[in-house]
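Notes for the one structure printed next.
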Amino acid sequence: MLVSELSEAELLNCFVPDLPAGQAQLIGPGDDCALIAAPDARFVTSTDMLVENLDFRRDWSTGFEVGQRLAAQNLADCAAMGAQPTSLLVCLGVPRDLEVQWVKDFTAGISLRCREAGVGLAGGDLSGAPVIVASATITGNLDGAEPVLRSGASAGDIIALAGTLGRSAAGLSLCEAGYIQTEDLYTLPESLRAIAADSLRIFKAAEPPLTAGVEARQAGASAMLDVSDGLLRDLERICQASETSARLDSVLLKHYIEPLTKLAAWLNADVRQWVLAGGEDHGMLATFPLGVPLPKRFHRIGECVEDGKTELYLDKMPAPAVLGWDHFRKETRE
Ligand SMILES: Nc1ncnc2c1ncn2[C@@H]1O[C@H](COP(=O)(O)OP(=O)(O)OP(=O)(O)O)[C@@H](O)[C@H]1O
Ligand SMILES: Cc1ncc(C[n+]2csc(CCOP(=O)(O)O)c2C)c(N)n1
Ligand SMILES: [Mg+2]
């Protein structure tokens, strides 16, 4: 059945009765607004969108995966402030010839990730669009604590990451090379299949270490963001906001590079490009004052350095000018 065969109310009725309700959700979907508890009189909020053919392709990803990915990227933004999610609102624009099942799968994907995070899907909006456009808005609670900003890093701080780097970019390269479904991976050498399957899964539906955000705040992180546009581009954002330089350690980055090296060689891709510039893994990139024990899941990858600039270094050299993701300007780092 196509969405054009249903009224808006009928389409809503296909999924609204099954949406998750979180603890903070006092009134869920059905009225003009939802009502969400904000126990510390302030809340964090952020929004993020996905556009068909730019951010996902329907022939690569299922509705279930796109839904999971939309939830994950919003939950990652909330986590990167050190906040606990309290509500998610979802807007969806769809073409008239889209299967109703796609919309149901998409909502099921969002609902799964919301349930895992204990957050309610509080409402949203539906409209028509020439391609699928989906956006979500998250709110989160800091429980009276201060948020972890991009601007809090100082020279001497340790730079650490929780989550994966380069896996999503590897998954994108696999799809571009025609390895789209797990079954397609059987034509790869056996030794590459597990890492390829892992990368494909992460590309299609990111798996950020969401609870690591609050843990980093509680451990005393000085700055944090989620890596959506690539390690170098996002670390540069911390450097610019904090007015510090940063030095990455190539020995510590081997943790991310080595598992992907053979797959990159097979695909004729640049593994350093995947790891240094690949976005959408949504790992938590944080800085911690020297001496603070890193929370579990955080791996040290470098340190902030004082040189009166906001430069990135890889060991003792300026970091390579590999491309980070930019929707409008793809040829250089900002
Ligand atoms: N249309 C807009 N109007 C107002 N502010 C915006 C708009 N688009 C982006 N911003 C703001 O600009 C900042 C950077 O946006 P960006 O989308 O790059 O966020 P990000 O967290 O770095 O990346 P991601 O969206 O991948 O998580 C954010 O604070 C965001 O709220
Ligand atoms: C079909 C297709 N082509 C390319 C990509 C890669 N891609 C799109 S947006 C983005 C960065 C994060 O964006 P934002 O900052 O808007 O969250 C990346 C790495 C994809 N996911 N799907
Ligand atoms: Mg972000």
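Just follow the structure's listing: the first ligand is 1, and inside any ligand the first atom is 1.
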Distance-only check: which donor-acceptor pairs under 3.5 Å involve side-chain atoms of residues 177-191, not counting sequence neighbours?
from : atom 1 : to   : atom 2 : distance (Å)
D184 : OD2    : I180 : N      : 2.8
D184 : OD2    : Q181 : N      : 2.7
T187 : OG1    : D184 : O      : 3.0

Within ligand 2, which atoms have a heavy atom of [X] less than 4.0 Å away?
{"X": "D48", "value": "17 (O)"}
{"X": "W60", "value": "1 (C)"}
{"X": "S228", "value": "11 (C), 12 (C)"}
{"X": "R57", "value": "1 (C)"}

[atom]: the protein heavy-atom neighbour that sits closest, reported with distance to 0.1 Å:
{"atom": "atom 20 (C) of ligand 2", "result": "D55 O, 3.4 Å"}
{"atom": "atom 23 (O) of ligand 1", "result": "S228 OG, 3.3 Å"}
{"atom": "atom 14 (C) of ligand 1", "result": "R150 NH1, 4.9 Å"}
{"atom": "atom 11 (C) of ligand 2", "result": "W325 CD1, 3.1 Å"}

Between [Y] and [X], is there a salt bridge with N-O shorter than 4.0 Å?
{"X": "R247", "Y": "D315", "answer": "no"}
{"X": "R58", "Y": "E52", "answer": "yes"}
{"X": "R201", "Y": "E65", "answer": "no"}
{"X": "R300", "Y": "D249", "answer": "no"}
{"X": "R272", "Y": "D270", "answer": "no"}

[X] touching ligand 2 at heavy-atom level, < 4.0 angstrom:
{"X": "L54", "result": "yes"}
{"X": "R58", "result": "no"}
{"X": "H327", "result": "yes"}

For R297 and E215, what are the C-alpha separation, side-chain angles and deciding distance, and is it a salt bridge (charged side-chain N to carboxylate O under 4.0 Å, His left out)?
CA-CA 10 Å; R297 290 184 286 172; E215 286 163 16; 3.2 Å; yes

Ring centroids only, cut at 6.0 angstrom: are W60 and F56 within range, meaning strictly under it?
no

Is there a protein heavy atom at a distance of less than 4.0 Å from atom 20 (P) of ligand 1?
yes

Which segment of R237 sits under 4.0 Å of ligand 1 when only heavy atoms are counted:
side chain

D307/S245 under side-chain hydrogen bond (donor to acceptor under 3.5 Å, both in side chains): CA gap, chis, key distance, verdict:
CA-CA 7 Å; D307 65 355; S245 288; 2.6 Å; yes

Using a 4.5 Å cut-off on heavy atoms from C-beta on, say whether the side chain of F288 contacts that of F298.
yes

Decide side-chain hydrogen bond (donor to acceptor under 3.5 Å, both in side chains) for T139 and S87; before the verdict, give the C-alpha distance in whole Å, the side-chain angles of both, and the deciding distance to 0.1 Å.
CA-CA 5 Å; T139 61; S87 75; 2.6 Å; yes

For L50 and V66: C-alpha separation, side-chain torsions, deciding distance, then whether side-chain contact (heavy atoms from CB on, under 4.5 Å) applies.
CA-CA 8 Å; L50 293 175; V66 176; 3.9 Å; yes

Judged by atom type as modelled, is there a donor-acceptor pair below 3.5 Å linking the side chain of T287 to the main-chain atoms of S154?
no

Polar atom proximity, D234 to ligand 1 (N or O, under 3.5 Å):
no

Among [options], which one puts a heavy atom closest to [atom]?
{"atom": "atom 25 (O) of ligand 1", "options": "D229, D326, D48, L225", "result": "D48"}
{"atom": "atom 21 (N) of ligand 2", "options": "E280, H282, E176", "result": "E280"}
{"atom": "atom 15 (O) of ligand 2", "options": "D77, D326, D229", "result": "D229"}

May I ask you to establish whether R69 and F203 are in a cation-pi arrangement, using a distance under 6.0 Å from NZ or CZ to the six-membered ring centre and at most 45° from the ring axis?
yes

Mind checking whether E52 contacts ligand 2 via backbone (N, CA, C, O), side chain (CB onward), both or neither, at a 4.0 Å heavy-atom cut-off?
neither

For the Mg ion (ligand 3), protein N, O or S atoms at a distance below 2.8 Å amount to 2

